[in-house]
Every structure is written in structure tokens, then in C-alpha cells.
4 protein chains.
Amino acid sequence: MVRKKQGDKENAIIEAAVKVFSQKSYHGSTTSEIAKEAGVAEGTIFRYFRTKKDILSKILIKVIESYAQTVVVDSLREFLTNYKDSNANEKEVIKALLRERLKVIEANLPLVKILFTEIQFHPDLRKVWVEKVVRPSMDVAVAYIEKKKKEGKIKAEVNAEVATRSFVGMVFFMVLSKLMLYEKLDLSLSESGELDQIVDILFEGIAARTIKG
Amino acid sequence: MVRKKQGDKENAIIEAAVKVFSQKSYHGSTTSEIAKEAGVAEGTIFRYFRTKKDILSKILIKVIESYAQTVVVDSLREFLTNYKDSNANEKEVIKALLRERLKVIEANLPLVKILFTEIQFHPDLRKVWVEKVVRPSMDVAVAYIEKKKKEGKIKAEVNAEVATRSFVGMVFFMVLSKLMLYEKLDLSLSESGELDQIVDILFEGIAARTIKG
Amino acid sequence: MVRKKQGDKENAIIEAAVKVFSQKSYHGSTTSEIAKEAGVAEGTIFRYFRTKKDILSKILIKVIESYAQTVVVDSLREFLTNYKDSNANEKEVIKALLRERLKVIEANLPLVKILFTEIQFHPDLRKVWVEKVVRPSMDVAVAYIEKKKKEGKIKAEVNAEVATRSFVGMVFFMVLSKLMLYEKLDLSLSESGELDQIVDILFEGIAARTIKG
Amino acid sequence: MVRKKQGDKENAIIEAAVKVFSQKSYHGSTTSEIAKEAGVAEGTIFRYFRTKKDILSKILIKVIESYAQTVVVDSLREFLTNYKDSNANEKEVIKALLRERLKVIEANLPLVKILFTEIQFHPDLRKVWVEKVVRPSMDVAVAYIEKKKKEGKIKAEVNAEVATRSFVGMVFFMVLSKLMLYEKLDLSLSESGELDQIVDILFEGIAARTIKG
DNA sequence: GATGAATGAGTGTTCATTCAT
DNA sequence: GATGAATGAACACTCATTCAT
């Protein structure tokens, strides 16, 4: 029922839809709920979006494009930049990268929830996500790891794809756990020590260094 | 459309619902679709389940109880049993455990998908899941890790909860990736080398052992 | 609001739709009006008809098929049969034919109204009408007239198609006038003297026979 | 989408509405379609017409008044005028009259279509049509025929009303057939030989003059 | 017990009409 | 005057649920 300042109806609807979709899922939400939440009449929604599905698509395309930009293009640059600070080692680079990335995720938690839920049920949107974000990200990550393997910083026997997916899984699940267990993300992930611990595990594992090596 | 043998209607409905829910989400599915898939009349559904929601609840309660049994109770026993084969080291125990666990997951992929999707939107079911599975599992895992820390097999500085969640995250995401990227899980996860690699990363990390140690 | 005996819901809906469509036109009618008129719930309509348009199509296809049978096939037979009563002259045959045809039209006036109104706006239905009724009827009529021309009963200079259309137009317009002017067709067309007069005009015209011949 | 010259908005809207109504029927048309067709904003329509129905009313009232003038008043004068060319016989007068009338109809085919369609569903408009056009026209026609009967030019037994309606029906149906069968009226009716044939049938009928008379 | 026809509240969507600019 | 964004009642259609058979 929040009155938005004029001209921004489309945004108000998008924001309302993000909120409602993330709470009730796409199919569990009603255009009338979205309208109420956006503070507009139900008919107004259809001046901005042809169908309900169109709202979802526009939301997800937006996220995907924003991710495609920040994750793929920008993180590449970041890698290279940090590289120049050559005394920062790989772990520190990854930690910094992760911290920054989690800030974005934290700021858009409902969007992330919608993304991971709805992508399962809308193959058209999943396709875009995979092509624009998953594959390019994986390429960047794999290239990075391969380079580090050549530099002797990462074990030669590590499979770059598996390592990448493991890392993303750790992070993703951390976010998911907090999201589902604590309902609200009171403890800021990006500032939690957990983040550092995850990267430590990724790099050094949990096993004690026995004298066996 | 599958005709079930007499008396098994409830099961036929459950199986049909699992299939349909996993493909279209709970709210995206229709009781008429479920009936058709189960080979029963729509009305029949409501002789076995008071409401549509009740089908979902019964499905998830079943999964949860099965998991509560196998994961929490049985895996504890397994830990202790393997323990006796004392020449099997920790990594091997975990790998065996994981392999066995993934077999179960693979056999119930649609159920897992429903679980992780719907639990977000049904707080009542989420509560049961967390209390019956998540917390007890975490307790077992943490206890195991703490013991191993005392035995000097796992680094003292490792946080048991974080390590557990990291591991679950790696595995969960592996499953998820295959599920979403390749649509069908042709490559058996439980037999893939990826599984071993994940456990290796968990225990030893990806970083090359420099002479720093 | 008329309660129909069980099993006949589809017919009740068709009848209700015929009534409502004929009073308000297809686009001016509401499925809820039709439901009310048929004495069923609105949802029931859609158990029998996929869409609102489907009701119209089924109605018109029914009329068209019934006309195709009675007008085209049966009237041909009637022509030939009456022919055998060879002392009945052409005018009497046509009058009898027309009288019988008008009875059918009178019994289905709302249907006729729907037919002539909606066929203008639904090209798919118009196509069926023209192909199944208009063209075959015209063929029969033209063949009849041509034969009569050869027999010296009809003027050689008469164009068969024009004559047919003129006759149909006279009759059609008579029906239309009564329909629109008197709202209800209290005076039975099929029994009115007007019918005979029309056929007289068709055959002998209105001009007085001057001695010019 | 046609931009109209300033000041002519009302006419632009009327013309657009005539086009759209004739293609989709009154209830099947949208004010937004009319606005687009007229090249004005949707709101503008409602500066010139209180309601959508008001557009239809104004269109039909216009037609009706124009017909009332041309058909009733002017054709009467024409009859009398032609009368003076006393060597033109009745058939020639009617043919000339019809030719001229059909030119008007051809130039306003969409209007005619709207008139005959919508008049069925709008009793208020039908009333005006009948009172201003149908009845007065009928009166003129009947008076003419009665006079011709007295002059011995038309058979005494002809019913003037029936004859008039028959004639109008022939013409009306000729127009309708072309309209519906050939979609576009490529062949000009007013110049087609069909017109003469119709008048010939009206006056002399189709029956061959046997020696029986 | 099993059925599936029937229901009607509820859904996404349309559209004539209003009104601030 | 003209606009077109905004409205919300009304629409065609869906679906979980009931119940007579």
C-alpha cells in the first residue's frame, strides 16, 4: 500500500513483485497482491507488463544482466587488478572478491531467491541464465585456476571446474542456510568470519598436516 | 496415466504428485494433473488427502522421516562401525558415506527438488525439516569433527559447523548443477570421480603445498 | 434460471446461449448471463465448451449442418418428387417448398438471427457456411432453373443466379422485417398470404399485362 | 493512425469508428482501437462523445437523417420530376432511382453494415430508424404503387407493401451477398447488369408467357 | 470405495471512462 | 483543448473441493 512518487510506477511494481514472488513463489502470488503491495490498481500492472509472466521475465532478465556485468566482466578486471598488488596472495584476492560479491547478494537477497527458485520451472529463463552468467563465469574461473596451477600456486591435480563448483556451492549454501534458518539475515554475511573460514577450507582443507607428507 | 494395482491408490497419488510437483512446483500443479498422472479420478485424491496441501505435507513428512532415520540414526551407526575398521582413514569413511548417501539422493531426485523448493514457502514444513533433520545431522557432524580434532586428524582451528556446511554445500551444489545444467542426470553422481575430488578438496584444499610449512 | 433435467446440461447451455446471443450479439453477451439463463454455474460452461467462441462455433456448425442436410440434400429430393406430381406446376412446387422451409426458419428464428449476424464477424464460420450451404444451394437452384428454361417454363433471358438471389432476398427480407418490426413473430409467416404473393411476384411480376405483348 | 487536420477530430473519430465497428461489430470494438485508427488519444474520444454508445448513436442518427432526407423527401421529388418526362415508363424510373440509390449505398457500405447489424441490438436506435425511414419510405412507395395500380400500370391484385418489401429485399440481399461472398465489392453494383435484371423480375417475373393467358 | 460432474470463489486480463497535467 | 496514465468493475476462464451416484 506504499504510495510511490510519480513516474516510478513500473519500478514500484517490480519491487512489489520481487517482494511477493520471493515470499510466495511465482505461482503462489497474485497480481492483485502485487498491485496492493505496489500501491497501484490491478489494471495498472498491465499497462507496464503484458502478462504476469512478463513481470517475472523482466525481473530475472534484469538480475541476469546485472550479474553478467558485475560477475563476468567486472570480476575479471578485479582479478587482474589485484594481481598487480602482487604481494596480495591468491587467498586474499579471493576473500576480497567474495566479500564484495556477498555484499551485492545481501543487498538483493529476495532477487536471488526468486532466481534460484523460478529458474527451475521456466526453461526459457534458465537458458538465458546459463548462457549469460553460468558459462562465462565458469570460463573466467577455470582460466584463473589453470593459470594458478601453472604458477605452482594450485595443485596440478585439481580439476578447475570441480573446484569452482565446490567453492560456489560452499558460498551458495552458506547464504541459503542463513536465509532459511534465521529467516532474516541479521548477521551480515559479508562481514562474518565464516567467509574467511570457507576460503581457508577451500585452499588448505580441514585435515591436519600430518607428518605423512 | 499409469494404472496402479488395486489398494495402492494412495501410493499412486503420492508418486504422481512427486512427479508433477517436481516438474511444475506445488502452486504450478493441478490436482487434475496429479489425478491423470496417477490414473485415478480427481475425486479419489480427496478420499486420501483432505486438501492439496495435505499431499505436499505427507510427501515431505515422509521424506523427512526417512532422512531423519537414514541420515541421523543410521549414519551415526555407520560412523561408529567404520570406526572399528580402524585402518580406514577419515577421508575414506567420508567418501564411502557420501557415495552411499548420493545413491539415495539420485534415487529420489524429484523428492529432493520438491523438498528444497517448497520448504522455502511452507514454514510449517520447514520447521519440521530443520528440527528433525538439519539440527540432529549437524549435531552428529559437529560431534564427529570435534572428536577428530581431538585426535589430531582435523585442524584445531576448523569451525565444525562451517566445515559441515561447506561440505554439504559442495555436494548439494554438485547435485543442483547437474540437475539444472544437464536436465537429466545421465552421469551417475555416486559413481563419478567428482565425488572423490570434492572430498579431497575438503580435506586438503586446492593450494599447492609450498615449502612454507 | 430454468432447471434442466440431468444429463442435458450441454443442451441447456446451447439453448441459453442461443437465446442470449440472439438478444445481445456474441460480443455483447456474457458467459455469466448464459450460465444464469441455463441454470448452471459459470464453471460448468467450460466443462462443455473450451472457450466462449467454442459455444458460438458449435451452435453455428450445428445449424449449418442441419441446413446443409435439409436445404441441399432434402430439397433436391423434394423437387424431384414433386416433379412426378406432374400436374402441380412450378409455382405450386416453389410455394410448397417455401412454406415448408419457413416453418423450419420460424421454429429457429434466434438461430437464424445469430447466423446472419455473427457470420459477418467470424470469417472461419462464414467459410463453412458458404461452402456447405450457400454454394451447394445455389447449384441446386441454378440447375433447376436452367432445366425449367429448357422446358420453356422460365424465360430464357433470366439469369439463374440473379433470380435465385432475388427470391432468397425477398423471403429473407420478409422474415427480417417481421423480426425487427414486430419484435415477436406473432403472425405465422408460413401461413401468411404474403408467401404466396411473393412467389406470384417472382413468377409473374407486378406489371399489368398491357396489350403490348 | 491517420492524422486529421486540426478541428476535424470529431469527424476523424466518427470515420474511424465506422471503419472499426463495421469490421468488428460495436461490442467487438475497443475505444482504444478507434482512437488509434482516428489518430487521436483515447481520452479525446470522450471530449466529443459522452460514452462509446454515444459514438454509435451519433453515427446512426446521422445515417438515418441522411436517409430520411434523401430517401423520403428527395426520392418523392424525383418520382414526381421523372413523372414529367412522361415518356419514361415506370421500369425506367425505378431503374434510375435504384441506380442512384445504390451509388449512395456503395459509397457508404460500412455504414450500411453497421446500421443493419446494430439496429437489431439497440431498440432505441431501431425505433428512430423505423419511424424516420422505414415507415415514411413505405408510405411513399405504397402511394406510388397504388397510383400506378389506378393507372392500370400495375396489377390490381398486387399488395403494395408486399411488393415494396420484395423489391427492397432483392436489392438488399444483392448487396449483402456481394458484401459477404466477395469480401470486397470490386464489381460496382450500381453499374452491374444485375440491377436491371432485378427490376425486370420485379415487373415481369421469371415465368415464360405461355399462351395460357 | 471410487467416480467425475458440478460448483463458485478466485485468477489473470481487458476496457470504458476519468482526470491531472 | 488534448493527452494518456490510471482506474476498477467486469470479463473469460481455472481449479480445489464437494457430493450424488
Side-chain angles (χ1 to χ4, degrees), chain A residues 4 6-10 12-13 27-36 38-55, chain B residues 6-7 9-10 13 26-36 38-55, chain C residues 4 6-10 12-13 27-36 38-55, chain D residues 6-7 9-10 13 26-36 38-55:
Chain A
K4 290 282 150 184
Q6 52 96 251
D8 258 333
K9 294 252 150 104
E10 179 164 350
I13 293 164
H27 277 121
S29 305
T30 298
T31 51
S32 109
E33 285 174 291
I34 296 170
K36 214 172 287 170
V40 303
E42 203 167 350
T44 304
I45 288 181
F46 295 91
R47 290 191 63 75
Y48 294 93
F49 306 89
R50 280 181 14 273
T51 62
K52 187 190 170 195
K53 173 77 188 275
D54 193 38
I55 311 178
Chain B
Q6 161 85 346
K9 300 240 150 127
E10 180 164 348
I13 294 165
Y26 172 73
H27 277 119
S29 306
T30 303
T31 50
S32 113
E33 286 173 292
I34 296 170
K36 211 172 289 167
V40 303
E42 204 168 351
T44 306
I45 288 182
F46 294 90
R47 299 204 124 271
Y48 293 95
F49 305 89
R50 280 180 17 269
T51 61
K52 185 189 172 195
K53 173 75 189 274
D54 194 36
I55 312 177
Chain C
K4 289 283 148 186
Q6 51 95 253
D8 258 333
K9 294 252 149 105
E10 179 164 348
I13 293 164
H27 277 120
S29 305
T30 299
T31 50
S32 111
E33 284 173 293
I34 296 169
K36 214 172 286 169
V40 302
E42 201 167 353
T44 303
I45 288 182
F46 295 93
R47 289 190 62 75
Y48 294 94
F49 305 90
R50 280 180 15 274
T51 60
K52 186 189 171 194
K53 173 78 188 273
D54 193 36
I55 310 177
Chain D
Q6 163 83 346
K9 299 241 151 127
E10 180 163 348
I13 293 165
Y26 172 70
H27 277 119
S29 306
T30 303
T31 49
S32 112
E33 286 173 291
I34 297 170
K36 212 172 289 170
V40 304
E42 204 168 351
T44 305
I45 288 181
F46 294 89
R47 301 205 125 270
Y48 293 94
F49 305 89
R50 276 179 22 270
T51 62
K52 186 189 170 194
K53 173 77 189 275
D54 194 38
I55 311 177

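Protein chains get the first letters and strands the later ones, always in sequence-line order, with residue 1 at the start of each. Just so you know, these numbers use all the heavy atoms, side chains as well, and skip hydrogens, waters and symmetry mates.
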Measure the distance from [atom1] on [X] to [atom2] on [N] and round it to the nearest whole Å.
| X | N | atom1 | atom2 | answer |
| --- | --- | --- | --- | --- |
| I34(B) | dG4(E) | CD1 | C1' | 17 Å |
| D8(C) | dA5(E) | CG | P | 15 Å |
| E10(A) | dA6(F) | CD | C1' | 15 Å |
| K36(D) | dA2(F) | NZ | P | 20 Å |

Does Y26(B) have K53(B) sitting over its ring (NZ/CZ under 6.0 Å from centre, angle to axis within 45°)?
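Output no; distance or angle outside limits.
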Upstream residue (5' side of DNA chain E) when H27(A) and I45(C) are each assigned their closest nucleotide
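Here I45(C) is the residue nearer the 5' end.
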Please tell me which of T44(C) and T44(A) maps to the more 5' nucleotide of DNA chain E, matching each residue to the nucleotide holding its nearest heavy atom.
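Of the two residues, T44(C) wins.
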Minimum heavy-atom distance between I13(C) and I34(C), given as atom pair plus value:
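Looks like O-CG2, 4.0 Å.
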Contacts of type ring-ring contact (aromatic ring centres under 6.0 Å, His included), residue F49(D), not counting sequence neighbours:
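Testing F49(D) for ring-ring contact (aromatic ring centres under 6.0 Å, His included), a comparison that skips the adjacent residues, returns none.
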Could you tell me which residues satisfy side chain to side chain donor-acceptor pair (under 3.5 Å) with [X], sequence neighbours excluded, listed by chain and number?
| X | value |
| --- | --- |
| T44(B) | none |
| S29(B) | none |
| T30(D) | E33(D) |

With a 4.0 Å cutoff (strictly under), does any side-chain N or O of Y48(D) reach OP1 or OP2 of dA2(F)?
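True: Y48(D) side-chain N/O within range (under 4.0 Å) of dA2(F) OP1/OP2.
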For dG1(F), does OP1 or OP2 lie under 4.0 Å from any side-chain N or O of K9(D)?
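No.
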Which string of ( ) [ ] | and . matches DNA chain E, if you list each base 5' to 3' and count Watson-Crick or G-U pairs only when both distances are under 3.5 Å?
.||||||||||||||||||||
Does either side chain, that of E42(B) or that of S32(B), offer a donor lying less than 3.5 Å from an acceptor on the other one?
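Side chains of E42(B) and S32(B): no pair found under 3.5 Å.
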Given that S32(C) and G28(B) both sit by DNA chain F, which one's nearest nucleotide is further toward the 5' end?
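Its nearest nucleotide lies further toward 5', so the answer is S32(C).
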What's T30(D) touching, base or sugar-phosphate or nothing? Going by heavy atoms closer than 4.0 Å.
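Sugar-phosphate contact only.
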I need the R50(B) CZ to I45(B) CD1 distance, nearest 0.5 Å.
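R50(B) CZ to I45(B) CD1: 15.0 Å, rounded to 0.5 Å.
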Please tabulate the protein-to-nucleotide N/O contacts below 3.5 Å involving nucleotides 17-21 of chain E, giving atom names and distances.
residue, atom, partner, partner atom, Å
dT17(E), OP2, K52(D), N, 2.7

Between K9(C) (side chain only) and A38(C) (backbone N and O only), is there a donor and an acceptor less than 3.5 Å apart?
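Not confirmed, K9(C) side chain does not pair with A38(C) backbone.
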